[in-house]
Amino acid sequence: MFLTFRAAVEAAVEDALTALDLPADDLGVERPPEDVDAVLASSVAFRLAGETGAPPPAVAERVADAVDPAVHEYLDRVDTQGPYVNFHPTPRYLSDTVEAALDGDWGRLPDRGESVVVEHTSANPTGPVHIGRARNPIVGDAVARILGFAGYDVETHYYVNDAGRQVAILTWAYETFDEAELPEAEREKRDHELVRYYRRGTTVLEEGDPEAVEAAESAIAAVMQGLEEGDPETEERVEAVVEPMLEGMSASLERLPAAFDRRVHETEFMPAETRDATARLRALDEAVYDEEAWQLDLADFGIEKRLVFQRSDGTSLYPTRDIAHHQWKLDEYDHAVTVLGEDHRLQADSVRAALELLGHDTDPLDQVIYSYVDMPEGKMSTRAGTGVDLDDLLDEAVERAREEVEDRAGDRIREDDLSPEDVDRIARQVGVGAVRFDVVAKQPTKAITFEWERALNFEAQSAPYVQYVHARTCGVLERARSEDSTVSSSVDPTALSAPEERDLVRAVARFPAVVKAAAEDRTPHVVATYAREFAETFNAFYRSCPVLSADEEVRAARLALVAAARETVGNALSLLGVEAPESM
RNA sequence: GGGCGUGUGGCCUAGCGGACAGGGCGAGAGGUUCCUAACCUCUCGAUCGCGGGUUCGAAUCCCGCCACGCCCGCCA
């Protein structure tokens with residue numbers, strides 16, 4: 001509804017300017033501050049003041065006079081406040097908004113008939129997921145949900161680096177060391193068990209005596225060569241350790257929840273596609289053979305660092321395989337979004353440049369960059385075993401949420417008691433939701449230093465604040481149902497006259513525009529910001545507008561509005577991957 | 001050294017060319033015979049890193065500087 005209204009306002013301003021014979025290249029349509037009672041405003045008058053020789057307020061008057069509200073949908077009237085032209089919607093804007101929101105799937109944008117692959121997380125299968133990288137699945141999952149809701153045909157991929165040196169080390173270590181000589185696993189989970197081999201392996205490589213290191217290096221090299229050639233036996237050996245590791249990691253990710261439509265393995269592009277890409281790269285004018293390795297000169301793309309794409313021993317590197325991988329993505333999908341840490345940026349830019357050189361249009365490629373989460377003491381590392389595991393964070397979050405639920409159970413006003421199952425459910429929804437919301441609500445490029453107290457703060461501006469609004473809407477609707485009231489699918493707009501009612505409807509109306517912006521810019525945090533503002537608006541309404549005790553007509557309208565609000569806040573939470581509790 | 005990113009009250013954060021820079025945490029004062037108080041109201045608190053510039057107008061754009069992070073591997 002907001003989108004329709006905005007289009008109408010833009011058309012109205014443009015028509016008015018044209019009629020006044022003024023330039024209409026910048027309409028200055030924007031959202032006014034909260035205390036101004038208009039849905040949209042225009043600041044064109046500032047820009048036209050010089051043009052017309054009149055002061056901005058006078059220009060604003062003229063523009064406002066030139067608008068004919070009758071010919072624009074939902075446009076009721078236009079007035080001015082100083083230099084600003086303000087636009088007010090018709091009562092139908094309110095009723096149509098509520099009715100549309102009740103129609104189901106509120107906020108979903110029409111099908112675009114375009115596919116998009118969202119690749120995220122893609123953590124190396126070397127150990128348990130720690131929270132240094134936890135932004136990736138949380139942001140990536142939200143981006144995928146938002147794009148899907150915005151009308152794209154979305155597929156999510158976890159790209160498995162199963163052909164690199166790291167997994168070769170893991171494979172060699174797994175086959176070499178005896179479990180009896182390793183420390184006990186931190187959890188009875190395959191990823192925790194297997195990471196012990198990886199850690200022991202890297203320790204030997206770093207601190208072992210020269211002979212041992214040499215033997216290890218040759219064993220590792222043999223694994224990499226085998227993979228390069230597509231040797232089935234080597235692939236089997238690697239798979240034997242990579243797959244259980246991934247199962248363990250996935251189990252943690254699913255708690256967020258972050259699930260994937262498919263895992264795409266590097267080895268799927270070996271040897272054929274990688275060899276083909278290597279050959280085509282070597283044929284380029286920008287290809288340089290230096291110190292027995294093949295490299296790509298990307299100076300024309302502003303990248304000083306040469307991209308090495310074939311080692312002196314003839315094997316490929318991660319970027320080489322990623323080029324083959326991305327050629328496939330470009331062939332299969334209309335758009336490809338990759339969520340990756342800031343340290344991979346140069347890498348990704350280089351791959352993109354190489355794809356351009358190979359003749360691909362890389363416009364469909366898009367990156368969402370996030371900054372790693374550090375500990376107060378410094379970086380987290382799988383190898384060193386420093387940092388906090390995602391499982392530990394989620395366990396702690398749920399545990400603290402449970403304490404909250406139990407504390408609050410005592411002074412509940414409502415007489416219905418929570419069953420043990422309810423307590424479990426709420427603790428999980430609130431605990432996991434708080435972690436997710438805390439991460440997804442921030443711009444991903446901002447650095448985060450992990451602190452327990454801050455990450456697990458359930459106070460205002462966190463997930464529970466928004467979830468609580470959803471629970472409240474459910475509570476009202478449930479009560480109404482028990483009194484045999486049904487939510488009417490049509491609304492009398494004149495019954496919604498209180499400012500808190502109007503504000504809430506207007507907030508509902510904006511939701512599709514928020515989805516659109518978040519999808520276009522790949523910025524899930526704007527949905528979180530909206531959800532928080534929406535919750536605030538709802539709470540203002542809830543405070544001053546009793547629903548069930550209101551007179552019949554007002555009651556019907558408010559009940560419909562509550563149902564619309566539930567749909568809105570529920571869908572917003574779902575886009576963020578945060579559960580919407582029906583009670584809490 | 002070069003490239004990229006970030007810098008908003010004690011702390012976290014939104015805004016990224018227009019109406020007095022919004023929230024939250026924290027500190028303090030209130031609010032529940034009424035649909036869930038994980039709520040609400042009020043008070044305290046900001047040279048929007050620093051300095052220039054562009055503009056009628058700059059937290060927002062440009063230039064310079066400073067601080068922090070990331071990258072500059074035949075690792076991924």
Side-chain angles (χ1 to χ4, degrees), chain A residues 28 30 32-36 41-43 45-47 49-50 55-56 81-84 86 122-124 126 161 163-167 169 266 290-295 302-305 308-313 315-319 321-322 341-347 349 369 371-372 374 379 401 404-405 407-408 411-414 416 426 430 438 441-443 445-449 451 453-454 457-465 467-469 471-480 525-526 528-529 532-533 535-536 539-540 542-550 558-559 562 583-584:
Chain A
E30 60 197 55
E34 261 182 68
D35 54 335
V36 173
S42 169
S43 58
F46 283 113
R47 251 147 287 143
Q81 199 169 330
Y84 295 93
N86 290 333
S122 303
N124 278 350
T126 50
N161 307 142
R165 187 176 153 79
Q166 264 76 348
V167 291
I169 293 172
E266 269 187 296
D290 189 23
E291 304 208 3
E292 301 186 315
W294 279 95
Q295 325 191 0
I303 299 172
E304 293 307 313
K305 176 79 188 94
V308 178
F309 61 89
Q310 187 175 36
R311 292 191 182 96
S312 48
D313 67 1
T315 57
S316 61
L317 291 94
Y318 176 82
R321 293 170 232 128
D322 206 26
E342 57 181 343
D343 54 337
H344 287 69
R345 188 163 203 159
L346 175 63
Q347 180 73 244
D349 288 345
I369 309 282
S371 162
Y372 280 124
D374 290 327
K379 288 195 197 48
E404 287 289 324
V405 177
D407 279 357
R408 292 167 199 278
D411 45 58
R412 282 170 74 86
I413 290 178
R414 250 172 104 186
D416 59 335
I426 296 167
V430 168
D438 186 57
K442 294 187 170 87
Q443 300 192 51
T445 45
K446 292 222 182 202
I448 296 181
T449 300
E451 287 164 44
E453 293 310 317
R454 196 187 304 155
N457 178 2
F458 301 142
E459 295 304 309
Q461 214 174 58
S462 65
Y465 179 71
Q467 291 174 314
Y468 187 57
V469 163
R472 276 182 153 177
T473 60
C474 290
V476 173
L477 293 167
E478 176 57 36
R479 183 71 66 98
H525 78 274
V526 306
T529 302
R532 213 156 49 203
E533 286 170 0
E536 207 174 329
N539 281 329
Y542 189 85
R543 180 185 62 241
S544 53
C545 300
V547 177
L548 300 175
S549 58
R558 286 181 178 172
L559 203 54
V562 170
S583 70
M584 62 186 276

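Order of the sequence lines sets the chain letters (A, B, ...), proteins ahead of strands, with each chain counted from 1. What you see is a predicted model, and the numbers here were worked out from it, not measured in a lab.
The salt bridge (charged side-chain N to carboxylate O under 4.0 Å, His left out) search around Asp313(A) returns none, not counting sequence neighbours. Under the ring-ring contact (aromatic ring centres under 6.0 Å, His included) criterion, Phe458(A) pairs with no residue at all, not counting sequence neighbours. Listed by chain and residue number, nothing satisfies the side-chain hydrogen bond (donor to acceptor under 3.5 Å, both in side chains) test with Glu34(A) (two or more places apart in sequence, or in another chain). The side-chain hydrogen bond (donor to acceptor under 3.5 Å, both in side chains) test applied to Tyr468(A) returns no partner, not counting sequence neighbours. With sequence neighbours excluded, no residue satisfies salt bridge (charged side-chain N to carboxylate O under 4.0 Å, His left out) with Arg472(A). Scanning for salt bridge (charged side-chain N to carboxylate O under 4.0 Å, His left out) contacts around Glu536(A) gives an empty result, with sequence neighbours left out. In terms of the salt bridge (charged side-chain N to carboxylate O under 4.0 Å, His left out) criterion, residue partners of Glu451(A) (sequence neighbours excluded) are, by chain and number, Arg454(A). Scanning for side chain to side chain contact (heavy atoms under 4.5 Å, CB included) contacts around Phe46(A) gives Ser43(A), Pro56(A), Pro83(A), Tyr84(A), with sequence neighbours left out.
Atom CZ in Arg558(A) sits about 11 Å away from atom C1' in C35(B), given to the nearest Å.
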*How does protein contact run along nucleotides 10-16 of chain B, one letter per nucleotide 5' to 3', with B for base contact, S for sugar-phosphate only, - for none, heavy atoms under 4.0 Å?*
-SSSSSB
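Looking at heavy-atom distances under 4.0 Å, Val430(A) makes contact with a base. Within 4.0 Å (heavy atoms only), Cys545(A) reaches at least one base atom of the nucleic acid.
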Identify all pairs in which a protein N or O lies below 3.5 Å from an N or O of nucleotides 42-46 of chain B, and state each distance.
none

Under 3.5 Å, N/O pairs linking protein and nucleotides 25-28 of chain B:
none

Distances under 3.5 Å between nitrogen or oxygen atoms of protein and nucleotides 71-76 of chain B:
{"residue": "C74(B)", "atom": "O2", "partner": "Ser312(A)", "partner atom": "N", "Å": "2.8"}
{"residue": "C74(B)", "atom": "O2", "partner": "Ser312(A)", "partner atom": "OG", "Å": "3.0"}
{"residue": "C74(B)", "atom": "N3", "partner": "Ser312(A)", "partner atom": "OG", "Å": "2.9"}
{"residue": "C74(B)", "atom": "N4", "partner": "Glu291(A)", "partner atom": "O", "Å": "2.2"}
{"residue": "C75(B)", "atom": "OP2", "partner": "Arg311(A)", "partner atom": "NE", "Å": "2.5"}
{"residue": "C75(B)", "atom": "OP2", "partner": "Arg311(A)", "partner atom": "NH2", "Å": "2.6"}
{"residue": "C75(B)", "atom": "O2'", "partner": "Gln166(A)", "partner atom": "OE1", "Å": "2.9"}
{"residue": "C75(B)", "atom": "O2", "partner": "Gln166(A)", "partner atom": "NE2", "Å": "3.4"}
{"residue": "A76(B)", "atom": "OP1", "partner": "Arg311(A)", "partner atom": "NH2", "Å": "3.3"}
{"residue": "A76(B)", "atom": "OP1", "partner": "Arg321(A)", "partner atom": "NH2", "Å": "3.4"}
{"residue": "A76(B)", "atom": "OP2", "partner": "Tyr318(A)", "partner atom": "N", "Å": "3.3"}
{"residue": "A76(B)", "atom": "O3'", "partner": "Asn161(A)", "partner atom": "OD1", "Å": "3.4"}
{"residue": "A76(B)", "atom": "O2'", "partner": "Asn124(A)", "partner atom": "OD1", "Å": "2.9"}
{"residue": "A76(B)", "atom": "O2'", "partner": "Asn124(A)", "partner atom": "ND2", "Å": "2.9"}
{"residue": "A76(B)", "atom": "O2'", "partner": "Asn161(A)", "partner atom": "OD1", "Å": "3.4"}
{"residue": "A76(B)", "atom": "N6", "partner": "Gln347(A)", "partner atom": "NE2", "Å": "3.2"}

